[in-house]
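Sequence lines set the chain letters: A, B, ... in the order given, protein chains first and strands last, and positions in each chain run from 1.
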Amino acid sequence: MSIPVRKYDAVIVGAGGAGLRAAIQLSEAGLKTAVLSKVFPTRSHTVAAQGGVSASLGNSEQDHWHWHMYDTVKGSDWLGDQDAIEFMCRKAPEVVVELEHFGMPFDRTDEGKIYQRPFGGHMSNFGEKPVRRACAAADRTGHAMLHALYQRNVRAQTQFFVEWMALDLIRDEEGQVLGVIALEMETGEVVAFHAKATIFATGGAGRIFYSSTNAFINTGDGLGMAARAGIQLEDMEFWQFHPTGVAGAGVLITEGVRGEGGILRNSAGERFMERYAPNAKDLASRDVVSRAMVTEINEGRGCGPNKDFVTLDITHLPPETIMKRLPGIREISIQFAGIDPIKAPIPVVPTCHYQMGGIPTNYKGQVINDTGATVTGFYAAGECACASVHGANRLGTNSLLDLLVFGKSSGDTVIEDMASMPKAHKELPANFADKTLARLARLENQTNGSSVNDTRLAMQRTMQNHCGVFRFKDKLEEGVQKILEIEKQVAITEIKDKSKVWNTARVEALELDNLIEVAKATMICANARKESRGAHVRDDAPDTPEMPNGRNDKEWHKHTLWQRDGNKLSYKPVNMTPLSVETIALKTRSY
Amino acid sequence: MEREALNRLQWRCTRRALLELDLILGKFLAEEFPGLSEDDKQVFAVLADMEDHDLWPLVNGTEECEDARQAAVVAMLRKSEVRRPQ
Ligand SMILES: Cc1cc2nc3c(=O)[nH]c(=O)nc-3n(C[C@H](O)[C@H](O)[C@H](O)COP(=O)(O)OP(=O)(O)OC[C@H]3O[C@@H](n4cnc5c(N)ncnc54)[C@H](O)[C@@H]3O)c2cc1C
């Protein structure tokens, strides 16, 4: 069967920060560029970012990209690739100033420079003391950034396809990527976007977990599409958890609440952080606090009928402080926990926040296959990609930076690569749409199948219970079996609505096809990695004098690669050769 | 409202930039929307098309809604409580 084909020089899937930044490069260079998005560009999840974007501008005090690089390597627990990290940190001032020129309304100092504030893990002089490196636009940094990038694209006449869902990559026998197949929601039409270059900027997949700070849109579509096309996914065991998501709903309660004096308590009302981090207490780093919370819950000191959360107590703060210094927090607690925090503590649990792994790329944004060679015609940037700059753990504000740097560099690389490509598009293989159409037909004709909602929920609960903040050998092994069982349910999802136009049931079933790929990759990679590193912490790899923090560099200082076909794992070395400076040698990560 | 329009509205209510609004609008659409008057349904659809950072402050009460017709629907959204996802 054939489908309509539209030809572009380049197609970008995703209109968040990474996709829009890449699109600017391409459109301004005069390439015919299509950008596909499931939602209107300024509805992308980048809008949710509040904290800021990092760059060693040195506007408030002395700073240097090399210090930023050191912090990022250390933050990554030495799993980040040092060439990519140097590239990102060196480029940071340039891309942030560029964004300013695009019209980004950054907060300013009295002299009119971009104002900078401190943020966890960002230090001066190779880890000495906190430095002001985060640039923000009030508490709406992501929103302001996306608007500035969108406007610039409008000016450059980028062509947007809004409320279109990309379904699959088109790859020929030689492995070259020739575009994507996509579904227009408004018409139900399936169309091929035939392109010389395809950039994925589809964002994260945090909805694989039951408790997630991510909006519903984060279903890992780019990862699902790449995996189905035979591309490996890298370091999928590494997910950052935020200590304080509202139990059940997942909505983020900012670190600022603990900064203002909020206290975490168990069912006995005890301030348990005093036992885990006697100095920093409730303000210890994210992973330390999250693990302490889970230990309390696992040892039976959780709150509520199911003893499955702890509480964040601000009842001792004056109501004026809560209203003035923590705007919105009271409303969030009332709406999502049914609790007025002036009167009672807020139920919280560690909540999935950010995906460090993804589609393997180099620092130019080119996708890399298992042999280390580039996949011709395929690029990725942003949260869906693994460059890898975040390694085993991301520093706050480094993600927005990642979008700007690698969005831009992937665009530049496309332009460069395009120069040596033939003028004409490479021909599409004869049956390029068959697999996608078969997948759609299966969904259309399924009877006696499983429910999309129930199956998604089963997956999310399994991920949460078996592969959360704190990981256990038996739970992981069991989790692998369970996820493989759930995969069978995903293969037989059934939808009642068979209509063509605006069939959201179909779209949600297709999203689940992607989520399950990410869930499998995560569980299987986590089960295999027998050490603790960064955000991946195993009970059977504890902190010992021989292996501080449970990290085992001898056996596990390497990236994981998961292959969908047969769930095969392989490993590749971490790049320890920066572009211009000396290697930042392995060290114990302690703050 | 016809199925198509309703489905489009559902998509725009549950694929937001902010999780807060996914949760609140999604629940409202499922539970309260069917009982609204046709006029209020239209008002809700207009609200759902707003940018997240314009709508969220209205819903969480940190900003007041100036349009009287919208304010009535916003008041209903403010009252809604969401305890569990989806
Ligand atoms: C609550 C919260 C706060 C955060 N705060 C910060 C912060 O302060 N600083 C920081 O650095 N980071 C922060 N982060 C992380 C950061 O916001 C994200 O990692 C980043 O915005 C991701 O950007 P992106 O461009 O990769 O993807 P997104 O912005 O998520 O965009 C993805 C795009 O892909 C499109 N898409 C996806 N699948 C498909 C498909 N199948 N077909 C078509 N289009 C598709 C979507 O429509 C969307 O346009 C935060 C994250 C959260 C959840």
Side-chain angles (χ1 to χ4, degrees), chain A residues 16 38-40 42-49 139-140 142-144 146-147 163 185-186 206-207 210-219 245-252 323 327-332 334-338 347 453 456-457 460 497 499-505 507-508 511, chain B residues 1-34 45-65 71 73-86:
Chain A
K38 291 201 283 188
V39 295
F40 192 77
T42 54
R43 283 263 176 104
S44 300
H45 202 27
T46 294
V47 165
D139 61 353
R140 296 183 176 186
H143 168 85
L146 212 55
H147 275 262
E163 295 175 337
M185 295 184 206
E186 198 185 341
R207 300 307 303 179
Y210 181 67
S211 190
S212 174
T213 66
N214 288 190
F216 291 178
I217 195 170
N218 274 13
T219 54
V246 174
V251 173
L252 190 81
M323 317 275 231
I329 293 302
R330 184 170 179 223
E331 290 75 16
I332 285 181
I334 293 173
Q335 286 187 302
F336 299 107
N453 272 334
R456 189 198 304 110
L457 200 60
Q460 290 171 329
D497 185 354
S499 53
K500 231 168 113 76
V501 173
W502 270 110
N503 186 336
T504 40
V507 172
E508 288 183 358
E511 287 181 332
Chain B
M1 209 178 253
E2 285 176 23
R3 184 201 62 84
E4 283 166 26
L6 198 61
N7 279 5
R8 184 175 59 218
L9 187 58
Q10 192 219 336
W11 184 251
R12 291 182 186 170
C13 285
T14 57
R15 291 299 180 283
R16 311 286 310 189
L18 299 179
L19 173 62
E20 288 84 337
L21 288 175
D22 276 343
L23 292 166
I24 288 181
L25 298 189
K27 184 165 184 258
F28 187 86
L29 189 67
E31 294 175 6
E32 315 273 344
F33 183 83
V46 170
L47 290 169
D49 268 345
M50 284 169 68
E51 292 260 330
D52 285 58
H53 276 296
D54 294 329
L55 181 57
W56 175 232
L58 301 181
V59 174
N60 76 14
T62 50
E63 273 175 31
E64 286 309 316
C65 185
V73 178
V74 165
M76 287 187 248
L77 286 169
R78 266 187 211 176
K79 269 198 289 187
S80 91
E81 288 183 7
V82 188
R83 306 282 172 79
R84 310 221 57 98
Q86 285 159 28

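- Scored by the ring pair (Phe, Tyr, Trp, His ring centres under 6.0 Å) test, A/H143 finds A/H147, B/H53 as partners (sequence neighbours excluded).
- Contact check for A/F336 versus B/E20: side-chain heavy atoms found under the 4.5 Å cut-off.
- Summarising the geometry, atom CE belonging to B/M50 is positioned 10.0 Å from atom CZ belonging to A/R43; distances are rounded to the nearest 0.5 Å.
- No side-chain heavy atom of A/T504 sits under 4.5 Å from any side-chain heavy atom of B/T14.
- With a 4.5 angstrom heavy-atom cutoff, A/E163 touches chain B only via side-chain atoms.
- Both the backbone and the side chain of B/E4 have a heavy atom closer than 4.5 Å to some heavy atom of chain A.
- One finds the OG1 atom of B/T62 at 6.5 Å from the CD atom of A/E331 (value rounded to the nearest 0.5 Å).
- The CG atom of B/L19 lies 12.5 Å from the CD1 atom of A/I217; values are rounded to the nearest 0.5 Å.
- A distance of 6.0 Å separates CZ of B/R3 from CG of A/N503, quoted to the nearest 0.5 Å.
- For the pair A/T42 and B/E51, the tightest heavy-atom approach, listed with the atom from each and the gap, is OG1-OE2, 2.8 Å.
- Panel note: side chain B/D22, backbone A/A215; no donor-acceptor pair is recorded below 3.5 Å.
- There is no contact between A/S211 and chain B, counting heavy-atom distances below 4.5 Å.
- Heavy atoms closer than 4.5 Å to chain B are found nowhere in A/L146, neither backbone nor side chain.
- Side chain of B/W11 to main chain of A/K38: a donor-acceptor pair is present (N/O by atom type, distance under 3.5 Å, no hydrogens or angles).
- Contacts between A/V507 and chain B at a heavy-atom distance below 4.5 Å involve the side chain alone, from C-beta outward.
- Proximity to chain B is limited to the backbone of A/N214, based on heavy atoms less than 4.5 angstrom apart.
- Across A/A48 and B/A17, no two heavy atoms sit closer than the pair CB-O, 3.7 Å.
- Neither the backbone nor the side chain of B/L9 comes within contact range of chain A; no heavy atoms are under 4.5 Å apart.
- Contacts between B/R12 and chain A at a heavy-atom distance below 4.5 Å involve backbone atoms as well as side-chain atoms.
- Of the atoms belonging to A/M323, not a single heavy atom falls under 4.5 Å from chain B.
- With a 4.5 Å cut-off on non-hydrogen atoms, A/T213 touches chain B through its backbone but not through its side chain.
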